[in-house]
Protein chains: 2
Amino acid sequence: MPTTGRVLDHPARTDIRLESVLHALSDPARLHVVRCLAELPPGEEVACSAIDLAVTKSTTTHHFRVLREAGLISQVYRGTAKMTALRRADLNALFPGLLDAVLTADAAQRHRAAARQDG
Amino acid sequence: MPTTGRVLDHPARTDIRLESVLHALSDPARLHVVRCLAELPPGEEVACSAIDLAVTKSTTTHHFRVLREAGLISQVYRGTAKMTALRRADLNALFPGLLDAVLTADAAQRHRAAARQDG
DNA sequence: GCCGTAGTACGAGAAATGCCAAACTACGAA
DNA sequence: TTCGTAGTTTGGCATTTCTCGTACTACGGC
């Protein structure tokens with residue numbers, strides 16, 4: 001499936017700001033998206049619709065845009081779908097270890113929550 | 001200098017939320033505070049007034065409260081001063097490597113900005 | 001050409017955020 | 001006790017954020 005004519009703006013690697021990245025990650029819905037993308041094999045893309053966000057489509061669009069404008073994800077149109085991938089390489093080059101630390105922290109927090117749940 | 005009677009609420013270690021931590025760090029003024037605290041020897045405290053924030057006192061109070069309520073800093077009154085310290089141990093226990101990754105990322109970003117400045 | 005699906009744009013409301021000024025409180029020192 | 005310093009509180013304002021519903025566009029398939 002080739003890409004279509006529609007193009008989306010992405011910040012260049014050097015324009016990615018730490019503050020924007022942290023802000024983007026500070027929303028539970030967006031952190032969820034990043035976690036889902038991180039679980040895929042590196043470079044793999046998914047459609048927006050493949051990640052279930054428990055909000056309306058327009059809100060989903062909004063969150064994906066925040067992530068894209070912060071430089072966390074890249075998106076291209078393929079057919080009617082909009083495929084999304086984590087910008088791992090850019091993030092690791094700019095902020096080594098940051099993405100992993102956040103994902104590890106998130107996993108640890110979820111693990112503790114699950115442990116409390118089980119009693 | 002002993003502490004005074006006034007007491008401030010801090011979240012327990014287990015109540016610290018990753019999302020709140022990331023949100024607290026996503027503001028440039030608050031990131032600056034955390035950076036300054038991190039440059040001190042571990043456990044060292046400073047007064048709020050020792051960190052220059054280029055905003056009014058009431059805004060400074062606001063930012064310190066956000067950091068405290070997110071669990072990033074601890075504060076106690078000593079005399080007229082309110083001493084602040086990074087909650088390194090709690091953060092490292094909950095989210096290993098996260099604080100260091102953010103500080104390293106911030107340093108890298110500042111380094112790149114300085115390099116651009118110098119031309 | 002027509003329909004269905006995926007996602008966008010726009011407008012709007014509620015809430016949070018960042019900022020300030022002015023009045024205030026708590027403490028130490030003279 | 002009086003004063004100065006450090007920080008708080010309150011209230012207000014402008015902006016941003018999160019959310020939604022409705023109407024819309026772009027594409028693939030029939």
Side-chain angles (χ1 to χ4, degrees), chain A residues 1-10 17-34 36-37 45-85, chain B residues 1-10 17 19-34 36-37 45-70 72-85:
Chain A
M1 179 79 67
T3 62
T4 66
R6 287 183 285 173
V7 186
L8 292 157
D9 266 4
H10 294 75
R17 302 286 311 162
L18 175 60
E19 296 87 341
S20 303
V21 168
L22 295 175
H23 173 252
L25 291 171
S26 72
D27 182 278
R30 293 192 294 257
L31 187 53
H32 176 70
V33 170
V34 170
C36 291
L37 294 174
E45 298 171 334
V46 295
C48 291
S49 54
I51 299 177
D52 192 24
L53 278 197
V55 293
T56 64
K57 283 196 299 179
S58 40
T59 303
T60 301
T61 297
H62 162 69
H63 284 309
F64 274 87
R65 172 160 37 204
V66 171
L67 286 168
R68 176 167 44 82
E69 292 182 348
L72 276 156
I73 62 174
S74 61
Q75 300 187 288
V76 324
Y77 288 100
R78 295 192 198 282
T80 64
K82 187 187 199 174
M83 307 305 289
T84 300
Chain B
M1 178 79 66
T3 60
T4 67
R6 287 182 286 173
V7 186
L8 292 157
D9 267 4
H10 293 76
R17 304 283 314 161
E19 296 87 339
S20 304
V21 168
L22 294 175
H23 173 251
L25 290 171
S26 72
D27 181 279
R30 293 192 294 257
L31 187 54
H32 175 68
V33 170
V34 170
C36 291
L37 293 175
E45 299 171 332
V46 295
C48 292
S49 55
I51 299 177
D52 193 25
L53 279 196
V55 293
T56 64
K57 283 196 297 179
S58 42
T59 303
T60 301
T61 297
H62 161 69
H63 284 309
F64 274 87
R65 173 161 38 205
V66 171
L67 287 168
R68 176 166 44 82
E69 293 181 347
L72 276 156
I73 63 174
S74 61
Q75 300 188 286
V76 322
Y77 288 100
R78 295 191 199 280
T80 64
K82 186 186 200 174
M83 307 304 290
T84 300

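Quick note on labels: first sequence line is chain A, next is B, and so on, each numbered from 1.
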Subject >> Nearest-0.5 Å distance that lies between atom OG1 in Thr84(B) and atom CZ in Phe64(B) >> reply: 5.0 Å
What integer distance in Å separates [X]:[atom1] from [N]:[atom2]?
| X | N | atom1 | atom2 | result |
| --- | --- | --- | --- | --- |
| Phe64(A) | dT19(D) | CZ | P | 13 Å |
| Leu53(A) | dA6(C) | CG | P | 15 Å |
| Met83(A) | dG28(D) | CE | C1' | 15 Å |
| Arg78(A) | dG7(C) | CZ | P | 13 Å |

Original post:
Side chains of Val7(B) and Tyr77(B): closer than 4.5 Å at any heavy-atom pair?
Top reply: no
**OP:** Answer yes if the side chains of Glu19(A) and Ser26(B) hold a donor-acceptor pair under 3.5 Å, and no otherwise.
**Re:** no
**OP:** Select one nucleotide: of dG4(D), dG7(D), dG7(C), the one nearest the side-chain heavy atoms of Thr80(B).
**Re:** dG4(D)
With sequence neighbours left out, what residues match [X] under side chain to side chain donor-acceptor pair (under 3.5 Å)?
| X | value |
| --- | --- |
| Thr59(A) | Thr56(A) |
| His23(B) | none |
| His10(B) | none |

Subject >> Residue pairs involving residues 54-74 of chain A (criterion salt bridge (charged side-chain N to carboxylate O under 4.0 Å, His left out); sequence neighbours excluded) >> reply: none
Original post:
So, does Arg30(A) use its side chain to make a donor-acceptor pair with the main chain of Ala24(A) at under 3.5 Å?
Top reply: yes
Enumerate the protein-to-nucleotides 23-25 of chain C contacts in which both atoms are nitrogen or oxygen and the separation is below 3.5 Å.
none

**OP:** Encode nucleotides 9-22 of chain C as B, S and - characters from 5' to 3', where the letter depends on protein heavy atoms closer than 4.0 Å: B to the base, S only to sugar-phosphate, - to neither.
**Re:** B-------SSBBB-
